[in-house]
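Have a look at the structure below before the remarks.
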Amino acid sequence: MSLYIGDIMKEKVLLLLKEGEYISGERLSEILGVSRTAVWKAINSLRDDGYEIDSVTNKGYKLVKKPNVLNAGAISEGLNTKVIGTEIVTLKTVDSTNEEIKRRANENAESGLVVISCEQTAGKGRLGRKWTSNEGGVYFSILLRPELPPSDISGITLAAGMGVCLAIRKFTGLDAMIKWPNDVIIGSKKICGILTEMTAQTDMVDFVVIGIGINVLQDSFPEDIAYKATSLKIEKKSEPDLSKLMHEVIAMLDKTILSYLFGISQDDLKLYKSMCATIGREVSLTRNGEKLSGEAIDITPDGELVVCLDDGKKINVNSGEVTVQGIY
Ligand code: BT5
């Protein structure tokens with residue numbers, strides 16, 4: 001299964017090919033200002049990518065069936081975002097989309113760039129953990145350059161989680177929830193993880209990279225994560241269209257993240273809490289070497305989890321090392 005179209009000529013030919021209507025090779029070469037051989041090569045290359053294209057003498061080419069691929073053109077079609085997705089790059093493979101975004105950020109890439117890959121050879125989780133990034137998932141990172149002090153973006157991962165959760169709900173109808181702070185889950189299994197990294201001067205953010213991995217088409221997972229990982233295909237029992245899903249996810253992230261950057265509203269916080277599976281559950285955590293347990297009762301506007309300990313004392317927890325009863 002190939003999930004990638006990189007070649008610009010192929011993208012252009014694809015935009016002109018219609019399902020149900022033939023277009024001649026001559027007309028394609030006229031519109032695109034290239035030779036008929038170039039058109040023919042692009043058509044063959046699209047066929048290699050899994051597109052079914054019919055060709056009939058004197059009539060030309062007709063698109064019969066599209067494969068389920070990540071396609072920058074299809075993702076951005078009709079996308080009316082303010083910042084996120086102003087540029088979208090799709091890659092077949094990369095070490096880590098977070099690393100790729102950092103390389104591009106250091107070469108002055110603009111705020112809003114999204115880099116999506118069909119697989120990662122060195123996908124990262126938090127605290128040096130590994131993110132399993134086989135073909136079938138979508139792995140992407142967003143570059144943002146908010147003119148804010150680092151303390152003002154401490155909850156940005158929560159806003160991203162909310163965006164992914166809402167997009168999955170809207171696109172699939174599945175009952176996605178958030179496991180504070182950075183996982184999206186379905187039932188008690190993880191469908192998405194988020195890794196936010198930041199480069200800052202003393203009191204101003206230089207850039208933020210929000211890296212998101214969503215399990216989409218996987219049928220199974222490696223043994224070490226099989227008990228805790230699931231995919232949209234497994235849950236939905238059908239194959240979501242990768243490009244349409246990414247379109248929806250980017251559109252939703254643009255809303256939730258920009259809204260957060262303008263200052264978190266009571267409504268957003270309320271919505272986050274309503275989707276947070278951690279609230280109301282028994283949790284355990286380690287603080288200064290001491291093992292503590294209690295009930296997660298609230299989220300603060302800064303994105304901290306409020307835990308009511310067994311002795312009745314309330315504490316705010318700001319990092320994710322919390323074990324939630326009943327969820328992996
Ligand atoms: C995360 O870390 O959940 C953050 C994952 C971020 C991945 C994205 S993909 C695009 C961008 N580029 C990158 O290199 N990273 C970002 P954490 O909370 O530490 O969870 C990691 C743990 O999740 C692992 O130790 C496994 O137990 C589990 N895990 C690994 N791969 C998984 C997968 N595909 N699905 C579900 N769980 C997984």
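As the structure lists them, so they are numbered: ligands from 1, and atoms in each ligand from 1. All values below were derived from every heavy atom in this structure, side-chain atoms included, with hydrogens, water molecules and symmetry-related copies excluded.
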What part of [X], side chain from CB on, backbone N/CA/C/O, both or neither, has a heavy atom under 4.0 Å from ligand 1?
X    : answer
N215 : side chain
E99  : neither
L195 : both
K124 : both

Legend entry - Between S45 and K10: side-chain donor-acceptor atoms closer than 3.5 Å: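 The answer is yes; a qualifying pair exists.
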Legend entry - Pair D302-S154, side-chain donor/acceptor within less than 3.5 Å: no
Legend entry - Non-hydrogen atom of Q218 closer than 4.0 Å to ligand 1: no
Legend entry - Heavy atom of I225, distance to ligand 1 below 4.0 Å: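 Flag set, I225 near ligand 1.
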Under 4.0 Å from a heavy atom of [X]: give me the atoms of ligand 1 that qualify, with their elements.
X    : result
S96  : 12 (N), 13 (C), 14 (O)
A229 : 35 (N), 36 (C)
F140 : 10 (C)
G123 : 14 (O)
K130 : 24 (C), 30 (C)
T97  : 10 (C), 11 (C), 12 (N)

Inset, instruction - Answer yes or no: does an N/O atom from Y139 fall short of 3.5 Å to an N/O atom of ligand 1? - result: no
Legend entry - Polar contact flag for K228 and ligand 1 (N/O pairs, less than 3.5 Å): yes
Inset, instruction - Report whether M275 and L158 are members of the same hydrophobic cluster (ILVMFWY, side-chain heavy atoms less than 4.5 Å apart, transitive linking). - result: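 The answer is yes; both residues are in one hydrophobic cluster.
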Inset, instruction - Verify the cluster assignment for I75 and I257: are they in a single hydrophobic cluster under the rule of side-chain heavy atoms below 4.5 Å apart? - result: yes
Legend entry - Charged N-O contact under 4.0 Å between E99 and R103: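 Here E99 does not pair with R103 in a salt bridge, since their nearest N and O are not under 4.0 Å apart.
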Legend entry - Distance, nearest 0.5 Å, that separates CE of M162 from CG of L166: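 With rounding to 0.5 Å, CE (M162) is 6.0 Å from CG (L166).
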Legend entry - CG on D54 to CD on E52, rounded to 0.5 Å: 9.0 Å
Report yes if some heavy atom in the side chain of [X] is under 4.5 Å from a heavy atom in the side chain of [Y]; otherwise report no.
X    : Y    : answer
V208 : I153 : yes
V216 : I191 : no
S284 : V322 : no
V83  : S111 : yes

To the nearest 0.1 Å, how far is [atom] from its closest protein heavy atom, and which atom is that?
atom                    : value
atom 31 (N) of ligand 1 : T132 N, 2.9 Å
atom 3 (O) of ligand 1  : K190 NZ, 2.8 Å
atom 2 (O) of ligand 1  : R126 N, 3.1 Å
atom 5 (C) of ligand 1  : W131 CE3, 3.5 Å

Inset, instruction - Just go through I191, I116, V138, I194 and tell me whose heavy atom is the nearest to atom 4 (C) of ligand 1. - result: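 Residue with the shortest heavy-atom distance to the ligand atom: I194.
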Inset, instruction - Would you mind finding which of E100, Q120, R129 brings a heavy atom closest to atom 25 (O) of ligand 1? - result: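 Closest candidate by heavy-atom distance is R129.
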Legend entry - Exam field: side chain D183 to backbone K190, donor-acceptor pair closer than 3.5 Å: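 No.
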